[in-house]
Amino acid sequence: MEMKELVALCKKRGFLFQSSEIYGGLNGFWDYGPLGVELKRNVKNAWWEDMVSTHNEQIQTPGAPATYEMTGLDCTIIMHPQVWKCSGHYDLFHDFMVDCTESKRRYRYDQLRGRWVEAKGQRVFILGDPACENWDETIQARAMKFFNLRGKDADQLKFDAELLSLETLKGEFSQVLAPEAKNLGSLTAPREFNLMFKTIVGALGSEEDATFLRPETAQGIFVNFRNVLDSTRIRIPFGIAQQGKSFRNEITPRNFTFRSREFEQMEIEFFCHPESSRAWYEFWRNYRFAWYEKMGLASDKLRLREHDQDELSHYSVGTADIEYAFPFLPEGEYGELEGIAHRGDFDLRSHTEGKLVNRDGKLEVELNENGKPKHRGSGKDLSYFDDQTRERFVPHVVEPSAGADRATLAFLCEAYHEDEVPDENGELTKRVSLRFHPRLAPIKAAVFPLVKKDGMPEIACEIYGELKKHMAVFYDEKGAIGRRYRRQDEIGTPFCITVDSQTLADGTVTVRDRDSLEQWRVKKEDVVAEIRARIEK
RNA sequence: GCGGGUGUAGCUCAAUGGUAGAGCCAUAGCCUUCCAAGCUAAAGACGAGGGUUCGAUUCCCUUCACCCGCUCCA
């Protein structure tokens, strides 16, 4: 399937529109249409039901190390600015970048390193490529080339001993050779890329009142950890779930809704004893993977990828991504649906003590030049006291963090299906159907009178009314029956119910299955029970 | 943010420095007894802004969006 076809279908049938389309659109923002909103809500509801509201804390979930409790929260998008300083986002999301006007490449300012070198009476600062494996070798080779020296003349190069960050040059780049440039001074001054959306609280607010739209929902859970403990009788191990919008000022939004600037997350922060955190991490990783399979993603397009040690965030003991082979990615590549991160006690401790950094494998408060905490914590005790063991500890956190829009997009991609169906003359014609899991389908059933006479519309309307009390249903009496079936196939309606002449004789109607095209007869008063049973199956 | 490409109706495609045309889809009606049939009617577009011109969808500039590659991706 080409991504183009899916994008076209999404627009044609009202799943997704470009935001502000009549004004030309806005890069990185998308609107859900009448069917899209139902689909996405079904995805979010399935997640919430399966993870939170139908979770039974009295029974040990298969694969779980123990029984556990689940509860929820809904926190604000704008939070106290200190939240983002202690979480690390403030520092991490303020990247300074330099552009090379010669090679048209962009580099992270803090990642560029080089050495001063003198030869032929000229002193220049030569940068290595941030991706290179050996800085000294790379810089040596580039210096030889720049000064046009042969191998035997290598001793003419006089290097300063130290490998220096570009930051030490304080913006004076006229003698700098950029990593892929041939001439000196091709780098622009460092420019700030703010990945968090900034806004001002208060009508007369100034820059000092600047706040940020949250770049993740997780922090709302951490800062409310104490509130949840104190207002409920919940005991560790337990999880707090939250769904909601987050915002990241992505440099390059791309690939339909996959990387959007405004997106919705479905996150769980799971709190447990440090000693069992590894086991819980493994449980959540497998449990969440199985959920996507259960909801219909093909296992050969899904992948569970453990991050390498050097890829891990500084506070994480382990992270795994659940990835899906999106059709817009090259063959063999996968895109992230959900990350399951072991976050240790980084978050709770940061919000108590101040922003932490990893020093030789130990988390310590990051200090500023005066030896004071760089970002002060709340000072509030976020530890946990276990009455059974009389032990006090800071819980460790396992975080399954999913993208609601990415999951919705994956379900759309997976559902898209083309096949051939015989028309009324027995000739094969192309059919497009969206094979959603019935729980996710925006419309669960459609009701048709076969023809618009003999009282069939009245009976169909009656069945429609009964179904409508329980689910999203569609009624259609317009046009040929085949056309009505096709329309429902294209929006993924799993069942079509048709009133025909036999209904008038024996009170049964036909139920048609979207995928197999099979039809069977059901008493009209049993239709609601029949459809509900099949959706829940 | 850089380079290349593309913007005409919901979709596919025309034509034109002087009233923008068709097919499909969708809409309403007729007809129709199970998988996009037929007939009728009505509806629908030059991405946006500016310039040149008597007149610009067409020529020029800017901008926006999308696609591909690079960059970025907590």
Side-chain angles (χ1 to χ4, degrees), chain A residues 2-5 7-14 17-29 33 84 87-95 97-108 111 130-131 180 188 191 193 195-196 215-216 218 246 248-256 258-259 261 311-316 319 328 330 335-336 339 341 401 420-433 448-454 456 477-490 496-504 509-512 514 517-519:
Chain A
E2 290 272 333
M3 202 57 198
K4 271 169 69 178
E5 295 168 309
V7 174
L9 180 65
C10 282
K11 186 176 182 199
K12 177 181 170 191
R13 292 304 191 187
F17 308 123
Q18 220 185 339
S19 169
S20 325
E21 193 189 301
I22 62 167
Y23 287 108
L26 190 59
N27 195 348
F29 296 89
W84 307 114
S87 71
H89 289 90
Y90 183 82
D91 292 341
L92 211 55
F93 276 32
H94 281 69
D95 284 339
M97 312 288 290
V98 291
D99 290 310
C100 175
T101 53
E102 185 183 324
S103 67
K104 305 297 181 195
R105 291 175 67 100
R106 168 173 297 157
Y107 305 95
R108 284 237 330 241
Q111 284 183 350
E180 288 179 48
T188 63
R191 285 181 291 187
F193 278 70
L195 263 21
M196 284 197 290
E216 62 171 36
S246 291
R248 294 178 193 180
N249 217 342
E250 299 287 353
I251 295 170
T252 312
R254 203 54 81 85
N255 292 329
F256 208 20
F258 183 77
R259 174 162 290 129
R261 289 180 163 139
E311 202 181 345
L312 293 178
S313 307
H314 48 290
Y315 46 78
S316 183
T319 298
F328 50 77
E336 182 185 345
S401 168
E420 291 190 323
V421 170
D423 66 11
E424 58 170 11
N425 301 319
E427 300 208 9
L428 289 177
T429 55
K430 188 179 123 177
R431 177 179 80 129
V432 171
S433 56
F448 310 139
L450 186 59
V451 289
K452 214 171 9 174
K453 60 182 184 188
D454 299 337
M456 290 183 200
E477 56 179 33
K478 303 264 172 60
I481 190 74
R483 172 180 300 237
R484 286 180 266 165
Y485 284 143
R486 292 289 183 95
R487 272 198 287 247
Q488 294 306 313
D489 292 341
E490 216 172 78
C496 291
I497 295 134
T498 303
V499 173
D500 59 11
S501 55
Q502 196 178 327
T503 310
L504 307 175
V509 296
T510 65
V511 180
R512 168 198 182 261
R514 173 194 66 204
L517 300 174
E518 275 171 32
Q519 282 185 300

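Lettering of chains follows the sequences in order, A, B, ..., and the numbering in each one begins at 1.
A distance of about 22 Å separates the P atoms of B:G5 and B:A9, rounded to the whole Å. Rounded to the nearest Å, the gap between the P atom of B:A65 and that of B:G49 is 16 Å. The gap from the P atom of B:A43 to that of B:U58 amounts to 27 Å, rounded to the nearest Å. Across the P atoms, B:A45 and B:U40 are found 24 Å apart, a figure rounded to whole Å. With both ends at atom C1', the span from B:U6 to B:C46 equals 15 Å, rounded to whole Å. Using P as the reference atom, B:U52 and B:U57 are 15 Å apart when rounded to the nearest Å. A gap of 49 Å separates the P atoms of B:U16 and B:C34, to the nearest Å. B:A26 sits 13 Å from B:A36 when the C1' atoms are compared, rounded to a whole Å.
Partners of A:R259 by salt bridge (Lys or Arg N to Asp or Glu O under 4.0 Å), not counting sequence neighbours, listed by chain and number: A:E250. By the ring pair (Phe, Tyr, Trp, His ring centres under 6.0 Å) test, A:F328 pairs with A:F258, A:F326, sequence neighbours left out. Evaluation of the side-chain contact (heavy atoms from CB on, under 4.5 Å) rule for A:K12 yields A:E490 as partners, not counting sequence neighbours. Partners of A:R484 under the salt bridge (Lys or Arg N to Asp or Glu O under 4.0 Å) rule, at least two apart in sequence or in another chain, do not exist in this structure. Scanning for side-chain contact (heavy atoms from CB on, under 4.5 Å) contacts around A:S19 gives A:F29, A:D31, with sequence neighbours left out. Listed by chain and residue number, A:T429 satisfy the side chain to side chain donor-acceptor pair (under 3.5 Å) test with A:R486 (two or more places apart in sequence, or in another chain). In this view, A:K453 and A:V451 satisfy the side-chain contact (heavy atoms from CB on, under 4.5 Å) rule, not counting sequence neighbours. Contacts of A:S401 classified as side-chain contact (heavy atoms from CB on, under 4.5 Å), with partners at least two apart in sequence or in another chain: A:Q265, A:E267, A:E399.
With distances taken from any side-chain atom of A:K11 to the nucleotides B:C35, B:C11, B:A36, the minimum falls on B:C11. Nearest to the side-chain atoms of A:L450 among the listed nucleotides B:U33, B:A37, B:C35 stands B:U33. Among B:A37, B:C34, B:U33, the nucleotide with an atom closest to any side-chain atom of A:M456 is B:U33. For A:S501, the side-chain atoms get nearest to B:U33 when compared with the rest of B:U33, B:A37, B:C34.
Residues A:K11 and A:F17 are in side-chain contact: their nearest non-hydrogen atoms beyond the backbone lie under 4.5 Å apart.
The CG atom of A:L504 lies 5.0 Å from the CE atom of A:M456; values are rounded to the nearest 0.5 Å. One distance of note links CD1 of A:I481 with OG1 of A:T498; it measures 4.0 Å at 0.5 Å rounding. Rounded to the nearest 0.5 Å, atoms CG (A:L517) and SG (A:C496) are 10.0 Å apart. Between atom CD of residue A:Q519 and atom OH of residue A:Y485 there is a gap of 4.5 Å, rounded to the nearest 0.5 Å. The OG atom of A:S501 lies 8.5 Å from the CG atom of A:D454; values are rounded to the nearest 0.5 Å. Here the CD-CZ distance, from A:E420 to A:R431, works out to 11.0 Å after rounding to the nearest 0.5 Å.
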Give every pair of a protein N or O atom and an N or O atom of nucleotides 63-66 of chain B that lie under 3.5 Å apart, one pair per line with the distance.
residue : atom : partner : partner atom : Å
B:C64   : O2'  : A:G24   : O            : 3.2
B:A65   : OP1  : A:N27   : N            : 3.2
B:A65   : O4'  : A:G24   : O            : 3.0
B:A65   : O3'  : A:Q18   : NE2          : 2.9
B:A65   : O2'  : A:Q18   : NE2          : 2.9
B:C66   : OP2  : A:N27   : OD1          : 3.3
B:C66   : OP2  : A:N27   : ND2          : 3.4

Considering only nitrogen or oxygen atoms on both sides, find all protein atoms under 3.5 Å from nucleotides 26-31 of chain B and state each distance.
residue : atom : partner : partner atom : Å
B:A26   : OP1  : A:R487  : NH1          : 3.3
B:A26   : OP2  : A:R483  : NH1          : 2.6
B:A28   : OP1  : A:K478  : NZ           : 3.0

Any N/O pairs under 3.5 Å between the protein and nucleotides 39-41 of chain B? List them or say none.
none

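With rounding to whole Å, A:Q519 atom CD is found 10 Å from B:C34 atom P. The nearest whole Å value for the distance from the CD1 atom in A:I22 to the P atom in B:G49 is 12 Å. Computed from coordinates, the A:L517 CG to B:A36 P distance equals 11 Å when rounded to whole Å. Computed from coordinates, the A:R431 CZ to B:A36 P distance equals 11 Å when rounded to whole Å. For the pair A:E490 CD and B:C35 C1', the computed distance is 14 Å after rounding to whole Å. The CD atom of A:E21 sits 14 Å away from the P atom of B:A45 (whole-angstrom rounding). Atom pair A:D489:CG and B:C34:C1' shows a separation of 13 Å (rounding to whole Å applied). Computed from coordinates, the A:Y485 OH to B:A37 C1' distance equals 16 Å when rounded to whole Å.
Secondary-structure stems of RNA chain B, taken as three or more successive Watson-Crick or G-U wobble pairs (i with j, i+1 with j-1) under a 3.5 Å distance threshold, comprise B:1-7 with B:64-70, B:10-13 with B:21-24, B:27-30 with B:38-41, B:47-51 with B:59-63.
Among the heavy atoms of the strands, none lies under 4.0 Å from A:E477. Residue contacts for A:D454: at a heavy-atom cut-off of 4.0 Å it reaches a base atom on one of the strands shown.
Comparing A:R512 and A:K12 by the nucleotide of RNA chain B whose heavy atom lies nearest to each, the residue mapping closer to the 5' end is A:K12. Across the interface with RNA chain B, nearest-nucleotide mapping of A:N255 and A:R259 shows A:N255 to be the residue nearer the 5′ end.
When atom types are taken as modelled, the side chain of A:D500 and the backbone of A:Q502 share a donor-acceptor pair closer than 3.5 angstrom.
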